[in-house]
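Quick notes on the structure that follows.
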Amino acid sequence: MLDLAFLRNNLEAVEARLALRGGDNPLAGFRELDRQRRAAITEVERLKAQRNAGSEEIGRLRRAGQDTAAQQARLRELGEQIKTLEEAAKQHDAALDEILRTTPNVPHESAPAGAGPEQNVEVRRWGKPREMHFTPQAHWDLGPSLGILDFDRAAKITGARFAVYWDLGAKLERALMNLMLDVHTREHGYTEVLPPFLINSASLFGTGQLPKFAEDLFKCEGHDFWLAPTAEVPVTNLFRKETIPAERLPIKIAAFTPCFRSEAGSYGRDVRGIIRQHQFQKVELVKFARPDQSYQELESLTADAEDILQRLDLPYRTVVLCTGDMGFSSAKTYDIEVWLPGLNEFKEISSCSNFEAFQARRAEIRYKPDARGKSDFVHTLNGSGLAIGRAWVAIVENYQQPDGSVVVPDALRPYLNAERISAEGRAI
RNA sequence: GGAGAGGUGCUGGAGUGGUCGAACAGGGCUGCCUGCUAAGCAGUUACACUGGCAAAACCGGUGUCGGGGGUUCGAAUCCCCCCCUCUCCGCCA
């Protein structure tokens with residue numbers, strides 16, 4: 001959410017930057033609505049002030065033992081008037097609120113202008129895709145043939161876009177989770193958190209998934225509970241409606257959670273394999289930072305995520321998203337894309353964003369710069385560190401051998417207790 | 001799921017219809033005092049919206065005592081619905 005006063009004073013500049021995201025101008029009706037709303041508020045408050053003064057007067061007269069029937073009748077009428085005007089004021093208020101709640105964040109000046117993914121800019125590349133003197137298999141062939149990935153039974157027990165992991169497949173998922181959490185908590189200074197996986201509407205509003213993107217989520221019937229689409233939601237909302245002492249910043253949290261997404265509107269995309277599932281696991285990194293430090297925190301957050309790929313010796317590139325490809329709440333986003341030989345392309349495995357005060361304003365997360373100063377909104381950031389399912393794919397595809405076996409990367413061997421997954425799916 | 005108790009400001013804790021944004025205590029901040037610390041003294045101490053202004057300071061108004069509705073000239077106080085915490089029972093891992 002953008003700041004109302006800031007919007008009022010910088011409307012044209014904000015509109016110009018939002019235009020870089022593409023689509024219609026979300027602030028088209030702002031100026032007029034704002035004017036109407038303020039006029040309505042002024043009038044209602046004027047009448048309420050009158051009523052309050054009148055009520056006080058009645059209190060005084062009563063105590064003096066005087067009759068107040070006439071005053072009461074007059075104020076009753078005033079009350080009717082207030083009620084009517086208040087209805088109108090509420091409508092203006094709701095209309096303006098609707099604009100505020102559905103207007104995306106303003107892109108940071110360092111985010112490249114562009115209409116879509118083609119205009120994202122590669123900022124660095126790490127590692128070289130292995131030379132394979134055979135035709136690499138995609139994980140959706142290799143996984144089932146190793147007996148570690150099972151789509152048929154997942155379809156039976158649940159439906160499309162779900163998977164069952166067997167034996168070393170399940171263990172590989174768990175090994176990745178442990179490696180990521182260990183590295184981030186022991187070496188990168190993050191605090192581990194295990195949050196609820198069901199979250200309420202207020203939390204989803206705080207991070208920006210609601211009200212606009214309800215169709216991407218799963219809702220629990222009969223409850224104000226939703227399946228978390230990412231740990232970003234519960235973890236960022238940990239500090240909702242709180243004021244954090246400045247000396248505690250930056251707060252850095254790593255959280256493992258499953259993530260649930262309806263993937264509405266992505267029917268044709270990534271239909272094979274486990275690239276795009278309704279449920280996947282992720283280790284998420286979340287930061288709360290002072291505004292003047294948030295962009296350097298974004299750089300280190302991205303580096304922390306990249307470090308996992310380096311330890312797994314998986315080639316990747318990092319791109320900065322252009323204004324037309326960024327998410328609703330983000331001011332600047334880096335995507336990390338891992339090389340997948342089976343698909344023969346780089347595929348997003350992490351998305352690291354600085355939301356500046358956009359989420360903090362929605363979720364009312366403040367900090368106090370010092371004991372005397374006024375509190376201000378923190379900046380929130382988050383990034384996948386990493387998406388575990390896609391890391392699983394990257395390992396199986398990048399480390400596959402001509403004989404159909406998969407070599408286990410050094411960093412995972414202590415976790416998996418194996419050096420290789422044989423073509424028959426056994427630990428060696 | 002059933003029964004009961006409770007949710008007030010940074011904290012503890014008063015307050016059952018009238019000048020309550022809220023007594024009192026503690027904490028914080030500012031100043032005085034003090035060689036320093038402690039003690040003491042005085043003042044101050046929420047947030048949002050809104051008007052005066054283009055803005056800041058400042059002054060005023062409106063709203064906020066878990067959330068939402070209602071009664072009333074007037075609600076922290078009365079009524080209704082919901083949420084949360086605690087205790088007991090049931091159920092369950």
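A, B, ... follow the sequence lines: proteins, then strands. Residue 1 opens every chain.
- Nucleotides B:rC20 and B:rU62 are separated by 14 Å at their P atoms, to the nearest Å.
- To the nearest whole angstrom, the two C1' atoms, one in B:rG66 and one in B:rU8, are 10 Å apart.
- Counted by atom type alone, A:S294 and A:N354 present one or more donor-acceptor pairs between their side chains at under 3.5 Å.
- In this structure, A:E80 atom CD and B:rC73 atom C1' are separated by 12 Å, rounded to whole Å.
- The same atom, P, is picked in B:rA46 and in B:rC32; the two are 23 Å apart, to the nearest Å.
- Only the P atoms considered, B:rG21 is 25 Å distant from B:rG6, to the nearest whole Å.
- At B:rG18, none of the side-chain N or O atoms of A:R62 fall inside 4.0 Å of OP1 or OP2 (strictly under the cut-off).
- Annotation: side chain of A:L217 is not in contact with side chain of A:L227 (no heavy-atom distance under 4.5 Å).
- The base-pairing partner of B:rG90, taking Watson-Crick or G-U wobble contacts with both distances under 3.5 Å, does not exist among the strands shown.
- Checking B:rU85 for Watson-Crick or G-U wobble geometry (two distances, each under 3.5 Å) identifies B:rA5 as its partner.
- Side chain of A:R413 to backbone of A:V408: a donor-acceptor contact under 3.5 angstrom is found.
- Sequence order on RNA chain B of the closest nucleotides to A:A39 and A:K48 puts A:A39 first from the 5' end.
- For the OP1/OP2 pair of B:rU50 and a distance below 4.0 Å, the side-chain nitrogens and oxygens of A:R8 include at least one atom meeting the criterion.
- Between A:I41 atom CD1 and B:rG60 atom P there is a gap of 21 Å when expressed in whole angstrom units.
- For the pair A:M1 CE and B:rA48 C1', the interatomic distance rounds to 11 Å; values are reported in whole Å.
- Put simply, A:K83 has a side-chain N or O that comes within less than 4.0 Å of OP1 or OP2 on B:rU71.
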Next on the checklist: For A:I148 and A:L172: C-alpha separation, side-chain torsions, deciding distance, then whether side chain to side chain contact (heavy atoms under 4.5 Å, CB included) applies.
Outcome noted: CA-CA 9 Å; A:I148 60 175; A:L172 176 56; 5.5 Å; no
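- The separation between A:I82 atom CD1 and B:rG74 atom C1' is 11 Å, rounded to whole Å.
- Across every strand in view, B:rC41 sits in a pair with B:rG31 that passes the Watson-Crick or G-U test at under 3.5 angstrom.
- Between the P atom of B:rC82 and the NE2 atom of A:H223 lies a distance of 15 Å, rounded to the nearest Å.
- For B:rG12 and B:rC86, the P atoms lie 16 Å apart once the distance is rounded to whole Å.
- The residue A:R51 sits close only to the backbone: its heavy atoms come under 4.0 Å of sugar-phosphate atoms, none of a base.
- A:N9 contributes a side-chain N or O that, together with a main-chain N or O of A:A5, makes up a donor-acceptor pair within less than 3.5 Å.
- Side-chain atoms of A:T42 lie closest to B:rG51 of the nucleotides B:rA55, B:rG51, B:rG18.
- Remark: B:rG60 base-pairs with B:rU50. Criterion, Watson-Crick or G-U wobble with two distances under 3.5 Å.
- Among B:rA55, B:rC73, B:rU50, the nucleotide with an atom closest to any side-chain atom of A:R37 is B:rU50.
- Here A:S145 contributes atom OG and A:H139 contributes atom NE2; the two are 12.5 Å apart, rounded to the nearest 0.5 Å.
- For the C1' atoms, the distance from B:rG4 to B:rU64 is 30 Å, rounded to whole Å.
- Inspection of the A:E57 and A:Q71 side chains reveals no N or O donor paired with an N or O acceptor under 3.5 Å.
- Looking at A:T323, its side chain does come within 3.5 Å of a backbone N or O of A:G114 through a donor-acceptor pair.
- Between A:R38 and B:rG51, a side-chain N or O to OP1/OP2 separation shorter than 4.0 Å is present.
- Among the protein residues, A:R366 comes within range of the sugar-phosphate backbone only, with heavy atoms under 4.0 Å from sugar or phosphate atoms but none that close to a base.
- Regarding A:Q36, its CD atom lies at a distance of 20 Å from the P atom of B:rC49, rounded to whole Å.
- Residue contacts for A:L78: at a heavy-atom cut-off of 4.0 Å it reaches no nucleic acid atom on any strand shown.
- Spacing of C1' atoms, B:rU44 relative to B:rC49, comes out at 25 Å, to the nearest Å.
- In this structure, A:N52 reaches the sugar-phosphate backbone alone: every heavy-atom distance under 4.0 Å involves primed, P, OP1 or OP2 atoms, never a base.
- Between B:rA55, B:rC73, B:rU62, one nucleotide has an atom nearer to the side chain of A:E45 than all others, and that is B:rU62.
- Look at CG on A:D97: it is 12 Å from C1' on B:rC49, rounded to the nearest Å.
- Of the nucleotides present, none pairs with B:rU72 by Watson-Crick or G-U wobble criteria with both distances under 3.5 Å.
- Rounded to a whole angstrom, the distance from the C1' atom of B:rC65 to that of B:rG17 is 15 Å.
- Taking for each of A:Q50 and A:R60 the nucleotide of RNA chain B with the nearest heavy atom, the 5'-most of the two is the partner of A:R60.
- The interatomic distance linking A:N9 (CG) with B:rC53 (P) rounds to 16 Å, in whole Å.
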